[in-house]
Amino acid sequence: MNPTPRTRYPGPAAHPPPFSLFSTDHRVIGRQYLVLALFAVTVGTLLSLLMRIHLVWPGWAMPLHGPILPEDYLALVTLHGTIMLFFVLTTAPQSGFGNLILPAQIGARHMAFPRMNAAGFWLTAFAFCVLLASPFVPGGTAISGWTSYPPLSAVASAGPGQGTGMDLWLVSIALFAVASTLGSINTLVTVARMRCAGMTWNRLPLTVWGWFTAALLSVLAFSVLLAALLLLLCDRHAGTSFFLPAGDLVNGVLHTRGNGSPLLWLHLFWFFGHPEVYIAILPGMGLTSMVLANFSHRRIAGYRLMIHTTLLIGLLGILLWGHHMFVAGLNPYASTAFSVTTIAIALPASAKVLSWIATTWGARPRYTAAMLFSLGFVSLFITGGLTGPVLAQPILDEYLHNTFFVVAHFHLIMAMAGVFGLFSATYYWFPLLTATPHHRGCVLSERLGRWHFWLTLVGAYATFLPMHFTGLAGEPRHYAQLTQIPNAAGHMLASTIPLNLHITYAAIFLASAQVVFFANLILSLRRRIPAPSNPWRATTLEWHPALHPSSHSDASDPIHVLRAPCDYGALPTGEVFFLPQWSYDPIPDVKRE
């Protein structure tokens, strides 16, 4: 028997009025988040190219600016890291695709709190505007990196970028923390209370489990980050001393009030910082499982195990923040505990990799662009993850900490794997992304999509794999210049310049490869070739005729789920069939491969 339908909260109709900038419709808000993230990733990529160019050609004068000074380089590092981590890797998968797809995947017509949903977007957009305004204030933007370690970040007179620019950075991230918390609460309530009849917890698609677990982490992590930001603002302007130790001399000013500890900031910040990695990557893990099963025409290997590993990764993700602090004076016994939990998280992550391999093993996959990017996600996740146990050893981390080895690690496992997940989602859900009540959605060009994948994969590996070797050679991650440094340190850094030159050329190639994606996007939107209602023969509810954005069905039409997703199989004749979650027909939809 089907369980009693869940309580439905009042909200907008299934088909809202024509587009409004301040709409409360979840599909409109999802598109707004994605447009914001697209603009943010463009800005963040250009900033990274300026950093790379300056490292290998330090005398280059930027047009309309002149030479890039050390403080300018640190400002580029801060803006690039902040934009990419918060406004791309957090915003796009969790808020963008989460709003666009999650309600339909659980059979809901809208999010639980539509107005809160809209408020979350506008807070995020305002936070981004505040951050982009920081380079134009006296003293320039913050130069403390996306981690903003005190005591320098706690003293407004510490130097360039530590004044108004630092305040704007703190305000921007505080606004983002509030917006993310609102969005996460909305996600949790939507999943818990808005599921349609028959949509039990064991029948939720793994994408929903990814969004749900990431939302749980967001509520915990961003709440702690918000408190830390407020304390740091108090240290800067209210005369408190949460992070400032007595006797600290900063830029000629001796701190005499109170006796705080910068180590407290590290604990608070990294309690947020490491769960943030999984907030960015868990939705991609869920999508990868579903896409691999879809285009392999296979059931997901160990479906319930994948649910449990998602939750376990979320749990362990909030218990291992201290591995970022091995060189910060952490108690050795605490270091051992954090090292063990860091290694332990490799177990559920490895289980996911084995499930992905088992799902595709022996299959005859359909290599669409979405499938290729999901396979690329698996490749990058494995490659980046292999260096995780290395950095989990305190004795090895003492040498590798704050070198480009760490940069290579997190760019592969979080940044590039996360971006590949976003591209997979874009190619897979583009028909839903572009569909409206008045127009059917369209698909992106598969030929251009394949070119985009291969160019991006080659560029990603060519850019970030060599960083492991410059890190092993001792290159620090925040040095603005590698030349004209005296003695042995200068000789060591100069030895990395040929490899850094290769990395810079590869980064330019990687950025240029995205022109193919933009061309594909523009051409597809201009041609608008209508897509079938279920172009990928998917089994999940976002492709249900009554929930499709272009559908004109009554919002009161009941939706029932009869089975778990990814119900694929083969008939004795060799024909492949798939059973959508909503299908009552005992005779499966059959199509010869």
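Worth knowing before you read on, the calculation uses all heavy atoms, side chains too, and leaves out hydrogens, waters and symmetry mates. Sequence positions, counted from 1, serve as the residue numbers for this chain. Source: prediction; values computed, not measured.
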Side chain to side chain contact (heavy atoms under 4.5 Å, CB included) between Phe377 and Ser379, worked out: CA-CA 5 Å; Phe377 176 96; Ser379 173; over 6 Å; no
message: Can you see whether Trp356 engages Ser289 through a side-chain donor-acceptor pair at a distance of less than 3.5 angstrom?
response: yes
message: Taking the side chain as everything from C-beta on, heavy atoms only, tell me whether Asn202 gets closer than 4.5 Å to Arg304.
response: yes
message: Would you say the ring centers of Trp209 and Tyr303 fall short of 6.0 Å from each other?
response: no
- request: Show the numbers, then the answer: is there a ring pair (Phe, Tyr, Trp, His ring centres under 6.0 Å) between Trp536 and Phe578?
  value: CA-CA 11 Å; Trp536 314 124; Phe578 71 106; over 10 Å; no
query: Taking it one step at a time, do Leu292 and Val378 satisfy side chain to side chain contact (heavy atoms under 4.5 Å, CB included)?
result: CA-CA 10 Å; Leu292 293 182; Val378 175; 4.2 Å; yes
More than 12 heavy atoms of other groups within 6.0 Å of Phe271 CZ: yes
query: Hey, does Met290 have a side-chain heavy atom less than 4.5 Å from the side chain of Pro565?
result: yes
- prompt: Would a distance-only check, ignoring hydrogens and angles, find a side-chain to backbone donor-acceptor pair under 3.5 Å from Arg440 to Ala531?
  reply: yes
- request: For Phe87 and Phe39, run ring pair (Phe, Tyr, Trp, His ring centres under 6.0 Å): C-alpha distance rounded to whole Å, both residues' side-chain angles, the deciding distance at 0.1 Å, then the answer.
  value: CA-CA 9 Å; Phe87 296 98; Phe39 178 70; over 10 Å; no
With sequence neighbours excluded, residues passing side chain to side chain contact (heavy atoms under 4.5 Å, CB included) with Arg527: Leu523, Ile529
Among Thr24, Asn99, Thr187, side chain to side chain donor-acceptor pair (under 3.5 Å) partner for Asn117: Asn99
Solution key, residues 410-420 side-chain donor-acceptor pairs under 3.5 Å, sequence neighbours excluded:
from   : atom 1 : to     : atom 2 : distance (Å)
His411 : ND1    : Val407 : O      : 2.8

task: Please confirm whether the backbone N or O of Arg203 pairs with a side-chain atom of Gln581, one donor and one acceptor, at under 3.5 Å?
output: yes
message: A side-chain contact here means heavy atoms from C-beta on lying under 4.5 Å apart; do Val208 and Pro205 qualify?
response: yes
message: Given 3.5 Å as the limit, does a donor-acceptor pair link the side chain of Arg193 with the main chain of Ala112, or not?
response: no
task: Output all residues satisfying side chain to side chain contact (heavy atoms under 4.5 Å, CB included) with Asp567, sequence neighbours left out; order by chain, then residue number.
output: Arg299, Arg563, Leu579
message: Main chain of Tyr568, side chain of Arg298: is a donor-acceptor contact present, judged purely on distance under 3.5 Å?
response: no
- prompt: So how far is it from Asn520 CG to Arg447 CZ, rounded to the nearest 0.5 Å?
  reply: 9.5 Å
- prompt: How far does OG1 of Thr288 sit from CD1 of Ile281, to the nearest 0.5 angstrom?
  reply: 8.0 Å
message: Going by the rule ring-ring contact (aromatic ring centres under 6.0 Å, His included), which residues pair with Trp582 if we only count those two or more places apart in sequence or in a different chain?
response: His544
- prompt: Listed by chain and number, what are the side chain to side chain donor-acceptor pair (under 3.5 Å) partners of Thr368, not counting sequence neighbours?
  reply: none
message: Whether the side chain of Arg526 engages the backbone of Ile522 through a donor-acceptor N/O pair (distance < 3.5 Å, no angle test) should be reported.
response: no
- prompt: Is the backbone N or O of Leu444 less than 3.5 Å from a side-chain atom of Tyr427, with the two atoms forming a donor-acceptor pair by type?
  reply: no
message: Restricting to side chain to side chain contact (heavy atoms under 4.5 Å, CB included), what partner residues turn up for Ser355, sequence neighbours left out?
response: Ile300, Ala301, Met306, Thr359
Between CH2 on residue Trp169 and OG on residue Ser134, distance to nearest 0.5 Å: 10.5 Å
- prompt: Given side chains that start at C-beta, do those of Met84 and Leu47 come closer than 4.5 Å, heavy atoms only?
  reply: no
message: Ring centres under 6.0 Å, that's the criterion: do Phe295 and Tyr367 meet it?
response: no
- request: Report the residues that fulfil ring-ring contact (aromatic ring centres under 6.0 Å, His included) with Phe423, sequence neighbours left out, ordered by chain and then residue number.
  value: Phe373, His452, Phe517
Heavy-atom side-chain contact between Val171 and Leu175 under 4.5 Å: yes
message: Between Ser23 (side chain only) and Asp25 (backbone N and O only), is there a donor and an acceptor less than 3.5 Å apart?
response: yes
query: Are any side-chain N or O atoms of Thr90 and backbone N or O atoms of Leu85, one a donor and one an acceptor, separated by less than 3.5 Å?
result: yes
- request: Would you please test Ser374 and Ser424 for side-chain hydrogen bond (donor to acceptor under 3.5 Å, both in side chains) and show each step?
  value: CA-CA 6 Å; Ser374 286; Ser424 178; 2.8 Å; yes
field: Output field: ring centroids Trp146/Phe269 closer than 6.0 Å
entry: yes
statement: Those residues at least two apart in sequence (or on a different chain) that pass side chain to side chain donor-acceptor pair (under 3.5 Å) with Thr207 are Gln105
query: What residues form a side chain to side chain contact (heavy atoms under 4.5 Å, CB included) with Leu432, not counting sequence neighbours?
result: Ile101, Trp429, Glu542, Trp543, His548, Pro549
message: Could you walk me through whether Cys196 and Leu541 satisfy the side chain to side chain contact (heavy atoms under 4.5 Å, CB included) test, starting with their C-alpha distance in whole Å, then the side-chain angles of each, then the deciding distance to 0.1 Å, before giving a yes or no?
response: CA-CA 10 Å; Cys196 67; Leu541 281 178; 3.9 Å; yes
Taking only distance into account, with no hydrogens and no angle test, what donor-acceptor pairs under 3.5 Å do side-chain atoms of residues 91-98 form with protein atoms, sequence neighbours excluded?
from  : atom 1 : to     : atom 2 : distance (Å)
Thr91 : OG1    : Phe86  : O      : 3.0
Gln94 : NE2    : Trp211 : O      : 3.0

- line: ring-ring contact (aromatic ring centres under 6.0 Å, His included) filter on Tyr278, not counting sequence neighbours, yields His274
field: Gap separating the NZ atom of Lys352 from the OG1 atom of Thr310, nearest 0.5 angstrom
entry: 3.0 Å
- prompt: Taking atom CZ of Arg115 as the centre, does the number of heavy atoms from other residues, nucleotides or ligands within less than 6.0 Å exceed 12?
  reply: no
- request: Check whether any side-chain N or O of Arg537 sits under 3.5 Å from a backbone N or O of His297 as a donor-acceptor pair, and report yes or no.
  value: no
Pairwise side-chain contact, Leu525 with Phe430, heavy-atom cut-off 4.5 Å (strictly under): yes
task: State whether a side-chain donor-acceptor pair under 3.5 Å links Gln514 with Thr456.
output: yes
message: Tell me every residue that passes ring-ring contact (aromatic ring centres under 6.0 Å, His included) with Trp122, counting only those two or more places apart in sequence or in another chain.
response: Phe22
- line: Rounded to the nearest 0.5 Å, the CG atom of Leu131 sits from the CD1 atom of Ile173 at a distance of 6.0 Å
- prompt: Quick one: OG1 on Thr540 to CG on Asn534, what's the gap to the nearest 0.5 Å?
  reply: 8.0 Å
task: May I ask you to decide if Ala127's main-chain N or O and Ser172's side chain share a donor-acceptor pair within less than 3.5 Å?
output: yes
- prompt: Is there a side chain to side chain contact (heavy atoms under 4.5 Å, CB included) between Met199 and Leu204 once you walk through the steps?
  reply: CA-CA 7 Å; Met199 182 58 82; Leu204 286 176; 3.7 Å; yes
